[in-house]
Amino acid sequence: QLRLVESGGGLVQPGGSLRLSCAASGFSLDYYAIGWFRQAPGKEREGVSCINSSGGSTNYTDSVKGRFSISRDNAKNTVYLQMNSLEPEDTAVYYCAAHRYLDYCSGDVFKRLWRYWGQGTQVIVSS
């Protein structure tokens, strides 16, 4: 079975930091781009960040630029999302997804068909 499992979520105060992990099993991430998405209650899912298979191409939605950083360790079959200067508006369930045959994270990448999804990890930013 091809699986993605997110971890690292939790409760943090505004201005704090969290590091999310997306671990793959049943397949290698070497040939996959990885995207991070989030969904707050009552809101639509939105794309947050993307990294291509080699790590040389990344993208971020405007609201997290300068605060979030995506990276990957293919040897560990894991992708990370470092989240700094967290705001209450960042509160959501965060999901990772995998997309094969995607060389660059650019343009309308979040609108593409992402095939494999994790079950999500909750992030709550509150005082």
Side-chain angles (χ1 to χ4, degrees):
Q1 182 180 359
L2 305 181
R3 295 180 61 221
L4 295 171
V5 179
E6 302 93 338
S7 62
L11 175 64
V12 64
Q13 293 184 344
S17 298
L18 287 173
R19 189 192 193 195
L20 305 184
S21 298
C22 175
S25 64
F27 68 103
S28 174
L29 290 180
D30 289 356
Y31 307 104
Y32 290 84
I34 297 295
W36 283 97
F37 299 78
R38 66 186 181 186
Q39 186 169 21
K43 297 183 179 180
E44 295 183 354
R45 184 181 63 202
E46 66 171 339
V48 176
S49 185
C50 174
I51 187 168
N52 75 337
S53 60
S54 69
S57 176
T58 61
N59 204 351
Y60 303 88
T61 192
D62 287 343
S63 63
V64 308
K65 288 181 179 178
R67 299 189 298 118
F68 290 11
S69 179
I70 191 170
S71 62
R72 66 189 300 154
D73 187 341
N74 285 353
K76 295 182 178 180
N77 225 22
T78 301
V79 173
Y80 306 97
L81 184 67
Q82 179 67 47
M83 306 188 297
N84 299 323
S85 301
L86 284 163
E87 305 168 352
E89 292 75 18
D90 297 316
T91 296
V93 176
Y94 284 71
Y95 302 88
C96 65
H99 193 308
R100 202 172 185 180
Y101 309 119
L102 182 61
D103 292 329
Y104 301 99
C105 292
S106 61
D108 59 351
V109 64
F110 300 120
K111 299 180 180 179
R112 300 179 67 92
L113 296 178
W114 295 78
R115 183 173 181 178
Y116 304 106
W117 291 82
Q119 294 186 352
T121 184
Q122 177 73 63
V123 172
I124 300 176
V125 184
S126 176
S127 60

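For residues 116-127, there are no side-chain hydrogen bond (donor to acceptor under 3.5 Å, both in side chains) pairs, not counting sequence neighbours.
Taking every heavy atom of both residues into account, Asn84 and Ser17 meet most closely at OD1-OG, 2.9 Å. Between Ala98 and Tyr32, the closest heavy-atom pair is CB-CD2, 3.8 Å. A pairwise comparison of heavy atoms in Arg67 and Ser85 identifies NH1-O, 3.0 Å as the closest pair.
Side-chain contact between Val64 and Met83: absent, with no pair of heavy atoms (C-beta onward) separated by less than 4.5 Å. Taking the side chain as every heavy atom from C-beta outward, Ser53 and Asp30 never approach each other to under 4.5 Å. Within the 4.5 Å cutoff, side-chain heavy atoms of Leu81 are placed close to those of Ser49. The shortest side-chain heavy-atom distance between Thr58 and Cys105 does not fall under the 4.5 Å cut-off.
Both Leu29 and Leu20 are assigned to one and the same hydrophobic cluster, defined by single-linkage of ILVMFWY side chains at heavy-atom distances under 4.5 Å. Residues Leu18 and Phe68 fall within the same hydrophobic cluster, defined by Ile, Leu, Val, Met, Phe, Trp and Tyr side chains chained together at heavy-atom separations under 4.5 Å. In the hydrophobic clustering of this structure, Tyr60 groups with Tyr94; members are Ile, Leu, Val, Met, Phe, Trp, Tyr whose side-chain heavy atoms approach within less than 4.5 Å, directly or through other members. Grouping the Ile, Leu, Val, Met, Phe, Trp and Tyr side chains by contacts below 4.5 angstrom, directly or via other members, places Val123 with Ile70. Linking Ile, Leu, Val, Met, Phe, Trp and Tyr residues whenever their side-chain heavy atoms come within less than 4.5 Å leaves Val48 and Val109 in two separate clusters.
Judged as a side chain to side chain donor-acceptor pair (under 3.5 Å), and not counting sequence neighbours, Glu89 has no contacts.
Atom CG in Asn74 sits 8.5 Å away from atom OG in Ser54 (nearest 0.5 Å). Here the straight-line distance linking atom OG of Ser21 with atom CG of Asp73 works out to 10.5 Å at 0.5 Å rounding. Separating the OH atom in Tyr80 from the CH2 atom in Trp36 is a distance of 10.5 Å, to the nearest 0.5 Å. The CD1 atom of Ile51 lies 12.0 Å from the CG atom of Leu102; values are rounded to the nearest 0.5 Å. Atom CZ of residue Arg45 and atom CZ of residue Arg38 lie 13.5 Å apart, to the nearest 0.5 angstrom.
Leu113 belongs to no hydrophobic cluster, as no Ile, Leu, Val, Met, Phe, Trp or Tyr side chain comes under 4.5 Å of its own.
Between the side chain of Asn59 and the main chain of Cys50, no donor-acceptor pair closer than 3.5 Å is present. Here the side chain of Arg72 pairs no donor or acceptor atom with the backbone of Gly55 at under 3.5 angstrom.
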Checking Phe27 against Leu4 for the side chain to side chain contact (heavy atoms under 4.5 Å, CB included) test, could you report, in this order, the C-alpha distance in whole Å, the side-chain angles of both residues, the deciding distance, and whether it holds? CA-CA 10 Å; Phe27 68 103; Leu4 295 171; 3.8 Å; yes
Worked verdict on Tyr95 versus Glu6 for side chain to side chain contact (heavy atoms under 4.5 Å, CB included): CA-CA 7 Å; Tyr95 302 88; Glu6 302 93 338; 3.8 Å; yes
